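Sequence lines set the chain letters: A, B, ... in the order given, protein chains first and strands last, and positions in each chain run from 1. No experiment lies behind these values; they were computed from the predicted model shown.
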4 protein chains.
Amino acid sequence: MENECNHEHQAQKQRRGRGLSPAKTAETQTRIVKAAFQLFISGGFEGTRMIDVAQQAGLGKGTLYRYYPTKEALFEGVLVQALGSTVQTLQNPNLEPTGSIEEILRQAIRPFMADLQKSHKADLLRLIITEGPRFPSLVAVYQRVVLEPVLSAIQTLAKQAKARGEIKSEALIEYPMLMLSPGLLSIIWNGLFLDRQLQPEALFDAFIELIFVQS
Amino acid sequence: MENECNHEHQAQKQRRGRGLSPAKTAETQTRIVKAAFQLFISGGFEGTRMIDVAQQAGLGKGTLYRYYPTKEALFEGVLVQALGSTVQTLQNPNLEPTGSIEEILRQAIRPFMADLQKSHKADLLRLIITEGPRFPSLVAVYQRVVLEPVLSAIQTLAKQAKARGEIKSEALIEYPMLMLSPGLLSIIWNGLFLDRQLQPEALFDAFIELIFVQS
Amino acid sequence: MENECNHEHQAQKQRRGRGLSPAKTAETQTRIVKAAFQLFISGGFEGTRMIDVAQQAGLGKGTLYRYYPTKEALFEGVLVQALGSTVQTLQNPNLEPTGSIEEILRQAIRPFMADLQKSHKADLLRLIITEGPRFPSLVAVYQRVVLEPVLSAIQTLAKQAKARGEIKSEALIEYPMLMLSPGLLSIIWNGLFLDRQLQPEALFDAFIELIFVQS
Amino acid sequence: MENECNHEHQAQKQRRGRGLSPAKTAETQTRIVKAAFQLFISGGFEGTRMIDVAQQAGLGKGTLYRYYPTKEALFEGVLVQALGSTVQTLQNPNLEPTGSIEEILRQAIRPFMADLQKSHKADLLRLIITEGPRFPSLVAVYQRVVLEPVLSAIQTLAKQAKARGEIKSEALIEYPMLMLSPGLLSIIWNGLFLDRQLQPEALFDAFIELIFVQS
DNA sequence: GATGAATGAGGTTTCATTCAT
DNA sequence: GATGAATGAAACCTCATTCAT
């Protein structure tokens, strides 16, 4: 009753106070990352000004630079942070070996597709795609911690499917990334054609159907 | 103060036309577009300076501005021009109705895939993807003159395939863009992972195989 | 919340005084001055950051500002302090009236020259020379407490020398600062040409020799 | 009578025009160097803002950067230019071998001393002294093109004087820079004690008198 | 017609200083 | 008393754009 949401108010209201606080640091960090991610998403790297990030986070410019020494560092920091949650998602293998490979694929990948939109993974990916050439190290990290594991898993499944005869072609063994192409397509598509969005799950379902629903 | 040398711009070249030497102009245009395209490809919109375009084209900055009044205009002009050749490619339907849909698809789309790399269509697409949000009108043009016709054609083929029983699923009818996802994947992939390039045709072949080579 | 420990600042040390532990304070002062002097020497006024001074002194920025309210105050405080030891050195007149003026000059000034390097007087002088225009009050103090007394003493000696016939010229009476020029030269020289240092004493000796070893 | 100082007016009046001119470039260059030198003299390197230089020169910031890509480059450029005139002065040896070494020294060095003030050589020297540590390359140039030749010449004269018996001491042979110390003293002195300026020539005369007028 | 010198808004970054804890 | 997170004025530098020649 008294003022339980006291600090929340302050965060919103752009507190002019400059005091220190033992745990405020973490909150400031969070505010920065959140603001920066949002702005980088909509404006890209070049299109985002440091002062906008600061204002969006309710901070002064200088504060930003206490946490990230350059705009590049901010960008990388934000993306690496965002990448962390992606990796966490991936670490829920959740692969029940019961059922056909088709089932397993659906179970394993579809949730990720569905998650692309709800979480900001699609935005993250779009950012990496768009700004990748400027941040090769970021791309390398992404490749190592996200892409390679996923491709390996898909390849393994593809081999099983081939072994079990559920798939005739070896194409998926050689090009496991094909399985991700519907997701990629939806990300790019939705980034360009704002008035005609595609559901990644729907696209993925269609893709699976195309592959398996034959005979 | 007086204006007696009104026709001074004619003096340079042939007397006939009133405009600036049309041949020279066209060549300069070409040089600009070529230089700008190349630079936009490697540096993106923000990363390309007008003076670099001018120098690359062997011109002065002022001259560049005679042809394109702003950097935006230059970018759009360049992309629209590049788009033109894409459209030309598309207008060779070349669809021989003989053979299975699979054959037709291969015949129709695979050359385009193979062409992605050789011509600079992949680069063009990457540019549109990257800078699209900043140039919505460009995206609209691309959608209208390239994407829609292609998707329509694919859809038509997909309907035929379904009708003929060559494909069981209706997925491709609803989501014809799926047929383009291997190409898109290779474009994005090659833009990010410079040390492990994917051949669009190979990816497309694998995709077709995955769909059709069943049981 | 409660305030019963109003005297908490006493608790740290002896009960008697009310002020902040005087010993601690003095030590902190010393640390600050030492750190700041060192940094001002190598970086000049503009080139020295307050945070570096604080860190070098093992303090927080805020603490630094408790002792010196501005960077200017710190600079002046440091230099005035350093000036103090110079003055002390000067107050050992040590002028034994026995022997020639040449002897007395050597005895009186040479130790000071030799001291220039060992102590940081050369650095101090260089700082005053370099930053003087920004701190006129400092220069005035230096002029009053160091320069004038020294010049007076030299002048007195020069008059004696003239009276005794040890020097023919009256130049040194009118321009007593000439006697300091070898020291100044070495300070400036050593500040510029780090790889070819000059010993102030050697230069001073040469100067004296030049003046007196004639006939 | 008509308007002979026509262009001078424009220079003063901060011409807003942006036009190009084949020879205006040199004038702009001159304006920049002049303005920058003046400001660097009074404010030092750190104390001079690029925008002030631009305004003082009647130019926009950007124009400054067309001519000098960084503040450091501007500083070095200005000093090197100023150094040029110093070197020119030195190249009038003007040493008439008639008369005593004392005469020659007076003839050779005194004009330079007298020139220190009138031209801006004293200011130049003060700048080099003050900012030297930040611009070692500049110091090296100065050492090579100005200092070494001068010291060599002095040394040669000192040897002659010794050989002729005009000087008993070898001090000047080993430390030829002593001959410059009165000049240096006056430069430093005048920079610090604005209300009690010393004439370099007077100081130099006194110095010479001290050395030669003996017995 | 072509040119490039000139411009200045706008962006990044630094750092002296404050003050809540 | 001490601390360092927060602040924002101010400095450097870039580059799209203009226009006199």
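The nearest whole Å value for the distance from the NZ atom in Lys71(C) to the P atom in dA16(E) is 4 Å. To the nearest angstrom, P of dC15(F) lies 13 Å from CZ of Arg66(D). Rounded to an integer number of Å, the gap from Leu74(B) CG to dT17(F) C1' is 13 Å. Residue Phe45(A) contributes atom CZ, which lies 11 Å from atom C1' of dG11(E) at whole-angstrom precision. The distance between atom CG of Asp52(C) and atom P of dG4(F), rounded to the nearest whole Å, is 14 Å. We find that CD1 of Ile51(D) is positioned 12 Å from P of dT7(E), with the value rounded to whole Å.
Non-hydrogen atoms lying under 4.0 Å from DNA chain F are contributed by Lys61(B), all within residues 54-64 of chain B.
In this structure, the nucleotide among dA2(E), dA11(F), dC13(F) sitting nearest to the side chain of Arg49(D) is dA11(F).
Side-chain nitrogen and oxygen atoms of Thr70(C) include none within less than 4.0 Å of the OP1 or OP2 phosphate oxygen of dA16(E).
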**Asked** Given pairs defined as Watson-Crick or G-U wobble with both distances under 3.5 Å, what dot-bracket annotation applies to DNA chain E, with ( ) intrastrand, [ ] crossing, | other strand and . unpaired?
**Response** .||||||||||||||||||||

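Residues Pro69(C) and Thr48(A) both approach DNA chain E. Their nearest nucleotides, taken by heavy-atom distance, put Thr48(A) toward the 5′ side.
Within 4.0 Å (heavy atoms only), Tyr67(D) reaches sugar-phosphate atoms of the nucleic acid but no base atom.
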